[in-house]
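Residue numbers start from 1 in every chain, and the chains themselves are labelled A, B, ... in the order their sequence lines are given, proteins ahead of strands.
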Amino acid sequence: MTDPFDVAILGGGPGGYVAALRASQLGARVALVEKDRVGGTCLNIGCIPTKALTTSTDLLVNARRAKEFGLTIPQVAPDLPSLMTYKQSTVDALVGGVEQLLKERKVTLLRGDGYVLRPDRLRVTDRQGAISEVTARQMILAPGSITARPPIPGLDLPGVITSTEALNVDVVPERLIVVGGGVIGLEFACIYETLGSHVTILEMMPTILPGGTDEAVAKRLTLSLRRRGLTIHTGATVQSIESIECGLRVTFNQAKGLNAIEGDRVLVAVGRWPNTEGIGLSEVGVKLNGRAIAVDQHLATNLPNVWAIGDAVGGWMLAHKAMVEGRVVAEHVTGGQRAVDYRSVPNVIFTRPEVASVGLTEAQARAQGADVKIAQFPFSANPRARILGEAEGLVKLVCEAGSGRVLGAHLIGPHATDLIAEGALAVQVGATADDLAWTTHAHPTLPEAMLEAALGFRDATIHFHSR
Amino acid sequence: MPEYLETTVDKFTFKVATDRFYTHEGVWVLPDADRVRVGLSDFLQQRSGDIAFAEVKPAGTEVAIGDEVAAIETIKVNVALGSPVNGTVIEVNPDMEIRPEAINQDPYGAGWLAVIEATDWETDRAQLLDPQAYFVVMKAEAEEEAKKL
């Protein structure tokens with residue numbers, strides 16, 4: 001038993017480690033409990049490794065298009081073992097970086113399974129089974145999330161995988177069936193399609209990217225994916241997965257009746273659940289909201305001095321949302337006050353083309369009774385997008401009709417995930433379309449599409465004409 | 001196969017299919033009883049440029065003359081196409097989603113946009129141009145455009 005820490009954090013993912021680094025910066029003595037490697041799902045089996053794969057597959061697409069760019073590349077093909085090495089070394093370097101930062105900030109990293117014994121005490125069981133206890137004045141719960149497992153018969157069959165296994169590309173299945181047309185499913189669909197799989201996506205909702213994606217953007221993405229040859233079935237509820245002689249058969253229900261398709265692998269990507277079981281939460285009396293830890297606007301749980309952040313509190317399961325919550329809660333546990341401005345948390349999807357959004361969709365803004373004016377601009381009219389040969393997509397700004405205040409920004413197109421930062425800033429500071437339009441953007445660059453879209457608010461778009 | 005009226009203005013050749021009607025804006029209308037198939041004239045597609053995206057109102061949409069029935073996006077323009085008739089969209093060219101470039105490649109054939117069930121085709125037809133009349137309108141417009149360049 002050591003002296004009590006100021007703060008004990010359960011979980012070293014993007015929420016937990018950022019809270020640790022920031023609380024330490026603010027002068028707290030911090031203990032961080034992590035059962036695996038720091039960085040959590042995002043760094044180890046989520047955002048980072050998938051983006052390593054999308055980077056390689058994007059290169060592959062461009063290399064195959066070399067001729068269009070006036071280059072001859074005699075032969076280009078994926079080399080799976082090297083691809084895995086690149087992916088893993090990128091992850092390892094970033095994990096190492098976080099570990100080093102934790103050391104520099106003098107955060108005590110305790111490796112093992114954490115269990116909440118009391119609101120001020122954690123039990124840590126390491127790999128060898130040795131048990132220790134940590135006490136702290138404040139506790140931050142950041143246990144993250146786990147892959148959701150829907151009640152579908154056949155989920156345990158060989159060849160039925162989750163995103164974690166899909167990251168380890170040992171073979172490229174000839175026919176891949178992706179159950180779930182959300183972020184994870186679509187990103188892997190694009191990766192495997194580029195590597196050579198015939199991909200079929202089964203989505204239960206009426207459109208892919210359910211929830212929070214602007215309809216115009218979701219529609220464009222659907223078209224882009226179909227043009228590339230992906231098959232998408234929406235309104236399709238999977239009934240069962242079964243083994244057949246030559247692979248797996250997935251049976252699904254649609255309005256028009258039962259249908260079945262066959263594949264070599266089935267990736268089940270129907271989302272993630274808050275990881276709140278088996279870590280002492282209910283025993284100690286932490287209030288849950290469904291599977292998620294219930295928190296107030298300050299990220300406080302129902303127990304005094306116990307806070308919770310990240311995927312475990314539900315809402316958008318995004319690393320950057322967990323990170324900002326980590327920074328906010330670090331201020332609370334060190335006597336400060338701050339709240340997360342969720343309006344400006346962007347959502348990004350690394351499909352090809354990429355999709356990104358922040359703030360209100362057109363439908364949400366109208367549902368709130370806002371008088372809305374839409375200003376948009378297609379990437380087909382952006383010179384940089386043309387140069388890159390990626391002229392598919394658009395920027396759509398949802399503006400308040402009178403003031404021009406930017407309520408939301410929705411992008412599909414090249415580097416949309418980078419470009420959304422400007423939209424997030426606009427939403428955060430309450431910028432107007434005029435503010436964006438009179439901020440000169442460098443030429444020829446992709447952000448000019450933001451400027452041109454903003455000009456549309458005054459019907460003043462220069463490089464596009466509507467008739 | 002339709003026959004065509006043809007004119008060449010400043011190196012560009014424009015065709016007008018003689019088996020159908022036209023709006024002044026260049027939307028063609030091919031009737032089959034009360035059902036009319038609509039698309040872009042050769043001049044309108046050439047003037048608009050390479051089509052990147054076409055969005056046609058879904059089947060079931062009721063349209064009045066002039067209401068947007070489709071929008072096409074090219075490199076520099078977004079063109080809203082008004083319905084040539086009063087009626088209901090009953091069929092949309094499924095190819096428009098996957099390969100809208102069919103409008104550029106075969107404007108009078110594979111590049112059709114939609115079929116509209118007209119509520120009163122005989123009345124609406126009176127508002128439309130026959131091929132010879134559209135040919136004159138189109139040629140004048142093409143020559144006007146050529147002067148601007």
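Counting non-hydrogen atoms of neighbouring residues, nucleotides and ligands closer than 6.0 angstrom, the NZ atom of A/K373 exceeds 12 such neighbours. For CE of A/M204, the number of neighbouring non-hydrogen atoms (other residues, nucleotides, ligands) closer than 6.0 Å is 12 at most. Heavy atoms of other residues, nucleotides or ligands lying less than 6.0 angstrom from CD of B/E3 number 12 at most. Atom NE2 of A/H441 has more than 12 neighbouring heavy atoms from other residues, nucleotides or ligands inside a 6.0 Å radius. Open room surrounds CD on B/E62; 12 or fewer heavy atoms of other groups in view lie less than 6.0 Å from it. In this structure, A/E262 places its CD atom where more than 12 heavy-atom neighbours from other residues, nucleotides or ligands lie under 6.0 Å away. Applying the 6.0 Å contact sphere to CD of B/E6 captures more than 12 heavy atoms from other residues, nucleotides or ligands.
A/H463 NE2 to B/K76 NZ: the interatomic distance, rounded to the nearest 0.5 Å, is 6.0 Å.
Between chain A and the residues B/I75, B/D50, B/I98, the largest count of heavy-atom pairs under 4.5 Å involves B/I75. Per-residue heavy-atom pair counts under 4.5 Å with chain B were compared for A/R227, A/K219, A/R226, and the maximum is reached by A/R227.
Looking at B/T74, the atoms closer than 4.5 Å to chain A (heavy atoms on both sides) all sit in the backbone: N, CA, C or O. If you measure heavy-atom distances from A/R386 to chain B, the contacts under 4.5 Å come from the side chain alone.
Using a cutoff of 4.0 Å between basic side-chain nitrogens and carboxylate oxygens, B/E55 and A/R220 are not scored as salt-bridged.
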>> Let's go through A/F464 and B/E73 carefully: what are the C-alpha distance in whole Å and the side-chain angles of both, what is the deciding distance for side-chain contact (heavy atoms from CB on, under 4.5 Å) to 0.1 Å, and is it a yes or a no?
In response: CA-CA 10 Å; A/F464 194 68; B/E73 179 189 304; 4.0 Å; yes
> Should A/L223 and B/F53 be marked as a side-chain contact (heavy atoms from CB on, under 4.5 Å) after you check the CA-CA gap, both sets of side-chain angles, and the distance that decides it?
Replying inline: CA-CA 9 Å; A/L223 293 187; B/F53 189 74; 3.2 Å; yes
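Here the side chains of B/N78 and A/H465 are not in contact, with every heavy-atom distance at 4.5 Å or above.
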